[in-house]
Amino acid sequence: MTAIISAMELDLIKKKLEAYGQSRLLEGLGDPRFCDDCRAEFIKKLEGIDFDLVRRLYEQAAAGASPAGAGTDGGPEQIAPIPVTDSGKLTPEQRGQYIAAGEAIIARGEFAAVTMAGGQGTRLGHNGPKGTYDIGVAEHSLFEIQASRLLRRAACSANGRQIPWYIMTSEENDAATREFFALHGYFGYDPANVRFFTQFMLPMVAFDGGIVRDGPLSVKMGADGHGGIFRAMHAHGITADMKARGVKYVFIGGIDNVLVKLCDPLFIGFTAACGTPCAGKSLIKRDPYEKAGVFCLRNGRPSVIEYTEISKEMAEARDARGEFVYGDAHILCNMFTVDALDAAGSEGLPYHVAVKKTKYIDDRGQLAEPAAPNAYKFEAFIFDAFSRADNMGILRVRREDEFAPVKNREGEDSPDTARALYESARERGALD
Ligand code: UTP
């Protein structure tokens, strides 16, 4: 069926683009190579863009401003250490109590797990969703590693019930992710217990304010960061689905940490005992300059200070016992109550700006490859949701048991390092 754009619809979008200084987006519309359907689809995409938001974000980026609402109130920021519970220092009684409480929550069906798999995996450079990557262990993909672990956990829970598993994808990798699950029989998971949802995308904006085109009838869009998860869960009815299932606690982790414990009774019980809207796992920084954000209090509220933001003095500071004052790294292993997810989802999070190199349609209408970064990308960070709470629980865990990221093609945090850490954890029986 051929979609037709009405003259009125075209006129409306033309006026809108003019008002936002984005008329160049329509330059390819008269190109005879494109069919009416392609044109109509492109116009629909343009209609879906929030130009107000894009303009605001561009102005903020061009002014070098920090994201609005990220915990600042206009005054100087007060950064202070945040209390952390070291799981290695729990008494056997405390440990037993947390685990028993967590197991009871799982058995009552009040727990769900979410995997964030919407990232582009640029550094890994794998052709396909990152979750389909095989690091060379018995489980043939990162998705299979997570599915097997969740299934093992369900098998030893009080009633053997599968844990509802939600997977965030992006528009770029959603179809390929679903196909991969179907091709592999959902790795033994009941498809009724797996739900995919896509995060939102935002256009990339060139340094001159023009939205980047990466084709005559195509706008360069980028996933809106892992912090986009709250808006996406809200908009796609995920939190509503969780509530309908009776879920109260939700773990959210990334796809690329092969040692992630998606369902950890200790952490679930710990979160419930803290009674806070969210909780996070941390591990001690390898050295003062490890490229990881660290937990802190920002203006009295829980937060994460990024490694790019922290001063040398703060990064190196040690307390009387010789421990880092700001040494608890955030590893994208967080728990939220469903109510906290709902609240963050309806309000959304601020966007941060990243400067990227991206192909663009130049003045001659040709696709050009820039030599240097040429555009802004806007991303929300999941940890900005922490400061919505007055307080949060932080559980320090052991790096060798819980953290083996796959980020780079080789060297540090690569499939090789992750495979070695995974096999070592398996040998120690630490893959429960
Ligand atoms: P990273 O920030 O490391 O990004 O994501 P990435 O996409 O995996 O890799 P690079 O930076 O392009 O090389 C950490 C986790 O957050 C998810 C990723 O899928 C990964 O599990 N993520 C990141 C999303 O789900 N959406 C995003 O927009 C960004």
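Both counts, for ligands and for their atoms, begin at 1 and track the order of listing. The shown structure was predicted, so the numbers you read here are calculated from the model rather than taken from an experiment. Side chains are part of it too, since the values below use all heavy atoms of this structure and drop only hydrogens, waters and symmetry mates.
With atom 1 (P) of ligand 1 as the reference point, the heavy atom nearest to it among His226, Arg409, Lys407 is part of Lys407.
Here's the thing with Met116: one of its N/O atoms is less than 3.5 angstrom from an N/O atom of ligand 1. Inclusion of Leu124 in the set of residues having an N or O under 3.5 Å from an N or O of ligand 1 is not warranted. Ligand 1 has an N or O atom lying under 3.5 Å from an N or O atom of Gly118, backbone or side chain. For ligand 1, none of its N or O atoms has an N or O atom of Asp224 under 3.5 Å away.
In terms of protein heavy-atom proximity, atom 6 (P) of ligand 1 is closest to Gly121 N, 3.6 Å. Scanning all protein heavy atoms for the shortest distance to atom 12 (O) of ligand 1 gives Thr122 OG1, 2.5 Å. Here the heavy atom of the protein found nearest to atom 19 (O) of ligand 1 is Gly119 N, 3.0 Å. The single protein non-hydrogen atom nearest to atom 11 (O) of ligand 1 is Arg123 NH2, 3.0 Å, given as residue, atom name and distance. Summary of contacts: the protein heavy atom closest to atom 26 (N) of ligand 1 is Gln199 OE1, 2.7 Å.
Other residues, nucleotides and ligands place more than 12 heavy atoms under 6.0 Å from the CG atom of Asp287. Around atom CZ of Arg426, more than 12 heavy atoms belonging to other residues, nucleotides or ligands sit under 6.0 Å away. Within 6.0 Å of CD in Glu27 there are more than 12 heavy atoms belonging to other residues, nucleotides or ligands.
Using a cut-off of 4.0 Å between Lys/Arg side-chain N and Asp/Glu carboxylate O, Arg298 and Glu309 are scored as salt-bridged. Using a 4.0 Å cut-off between charged side-chain N and carboxylate O, Arg24 and Asp363 make a salt bridge. Salt-bridge check for Asp328 with Lys285: failed, with every basic side-chain N at 4.0 Å or more from each acidic carboxylate O. A salt bridge links Asp86 to Arg396: one of the charged nitrogens lies within less than 4.0 Å of a carboxylate oxygen. Using a cutoff of 4.0 Å between basic side-chain nitrogens and carboxylate oxygens, Glu41 and Lys44 are not scored as salt-bridged.
In Leu332, the part holding a heavy atom less than 4.0 Å from any atom of ligand 1 is the side chain. Proximity of Lys130 to ligand 1, defined as any heavy-atom pair under 4.0 Å, is confined to the side chain (atoms from C-beta onward).
Taking a 4.0 Å cut-off on heavy atoms, Gly225 registers as neighbouring ligand 1.
For ligand 1, the atoms closer than 4.0 angstrom to any heavy atom of Ala117 are 19 (O), 25 (O). Numbered from 1 in the order shown, with element, the atoms of ligand 1 that lie under 4.0 Å from a heavy atom of Ala223 read 28 (O). Listed by number with element, the atoms of ligand 1 under 4.0 angstrom from any heavy atom of Met168 are 25 (O). Atoms of ligand 1 lying under 4.0 Å from any heavy atom of Gly254, numbered from 1 in the order shown and given with element: 21 (O).
Inspection of the Gln146 and Thr115 side chains reveals an N or O donor paired with an N or O acceptor under 3.5 Å.
Looking at Thr417, Asn257, Asp256 one by one, the single match for side chain to side chain donor-acceptor pair (under 3.5 Å) with Lys407 turns out to be Asp256.
The cationic group of Lys16 does not satisfy the cation-pi geometry with Phe51, failing either the under 6.0 Å distance to the six-membered ring centre or the 45° limit from the ring axis.
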